[in-house]
Protein chains: 2
Amino acid sequence: MDTLSATFFALADPTRRAILARLTKGETSVTELAEPFDMSLPAISKHLKVLEHAGLITRSRDAQWRPCRLEAARLRDVHEWLDHYRKFWEESFDRLDDYLKGLQKKEKKSHARKRKS
Amino acid sequence: MDTLSATFFALADPTRRAILARLTKGETSVTELAEPFDMSLPAISKHLKVLEHAGLITRSRDAQWRPCRLEAARLRDVHEWLDHYRKFWEESFDRLDDYLKGLQKKEKKSHARKRKS
């Protein structure tokens with residue numbers, strides 16, 4: 001699997017995204033990571049392996065508790081890929097905005113008409 | 001599967017990302033989409049279903065050739081999620097930058113020393 005695909009695959013799971021969110025607060029042990037989830041340690045370890053394979057986290061080889069650490073560089077690659085599409089979502093939200101403004105205008109006119117009659 | 005997970009899963013494949021890239025040039029038929037890929041129509045249709053399920057594309061029900069069209073709003077959701085991590089990748093690249101500048105300084109010093117001796 002190419003790097004970008006591995007990254008997207010790793011992000012396609014709410015538990016793995018929650019692990020990344022937890023790691024923004026600092027490096028931590030697997031036991032600590034597992035606490036908020038109703039999951040076994042092997043299940044968490046499996047998720048960590050997917051994240052590690054994608055380069056989204058690293059695990060220290062030195063310390064006995066092998067802390068996990070966020071590696072944000074891969075997210076930057078996703079951001080760069082995504083940036084090619086920015087103008088497309090901006091355009092689609094501009095269109096929605098125009099549509100909603102059009103609706104508001106119509107409503108105001110119809111209210112004004114009702115008040116007159 | 002939650003929406004964000006479905007989006008990430010859909011993006012975790014180079015063919016599906018290439019389809020999205022093609023659709024930035026305008027809506028197109030499945031046959032046209034399949035052309036640049038060495039893939040059968042059913043294989044392409046399977047990819048389109050994953051993209052459609054994630055809300056990344058829509059397929060017209062009106063026209064007989066059922067053109068596919070990029071829907072970029074979901075990519076905006078990914079962008080919003082990603083933005084929480086921006087400061088982490090910026091920090092990690094700043095650290096790399098400092099490290100490389102440190103290396104350059106050391107090299108310059110060692111060159112200067114060599115020239116003197």
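Labels below follow one simple rule: chain letters A, B, ... track the order of the sequence lines, proteins then strands, and each chain is numbered from 1. As the structure is a prediction and not an experimental result, all values here were calculated from the model. What's counted below: heavy atoms across the whole structure, side chains too, no hydrogens, waters or symmetry copies.
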Region of B:Ala21 that comes under 4.5 Å of a non-hydrogen atom in chain A: both
Contact check, side chains of B:Leu75 and A:Phe88, non-hydrogen atoms, under 4.5 Å: no
Straight-line distance of B:Asp83 CG to A:His79 NE2, nearest 0.5 Å: 6.0 Å
Verify same cluster id: A:Leu23, A:Val50 (apolar side-chain graph, 4.5 Å): no
ILVMFWY network linking A:Leu51 to A:Phe9, side-chain heavy atoms under 4.5 angstrom: no
Test log, rule side chain to side chain contact (heavy atoms under 4.5 Å, CB included), inputs B:Thr7 and A:Phe8: CA-CA 9 Å; B:Thr7 308; A:Phe8 278 128; over 6 Å; no
Proximal component of A:Leu70, with respect to chain B [non-hydrogen, under 4.5 Å]: side chain
Pick from B:His84, B:Lys87, B:Arg86 with the largest number of heavy-atom pairs that fall under 4.5 Å of chain A: B:Arg86
Path from B:Trp65 to B:Leu33 over hydrophobic side-chain contacts below 4.5 Å: no
Contacting region of A:Leu4 [heavy-atom separation from chain B under 4.5 Å]: both
Portion of A:Arg17 that has a non-hydrogen atom of chain B nearer than 4.5 angstrom: both
Which atoms of B:Asp13 approach chain A - backbone, side chain, both or neither, heavy atom under 4.5 Å: backbone
Heavy-atom contact with chain A under 4.5 Å, split by part of B:Leu11: both
Hydrophobic cluster membership, A:Leu48 vs A:Met1, 4.5 Å side-chain cutoff: no
Heavy-atom side-chain contact between B:Leu20 and A:Tyr85 under 4.5 Å: yes
Shortest non-hydrogen separation from B:Ser5 to A:Pro14 and the atoms involved: OG-CD, 3.3 Å
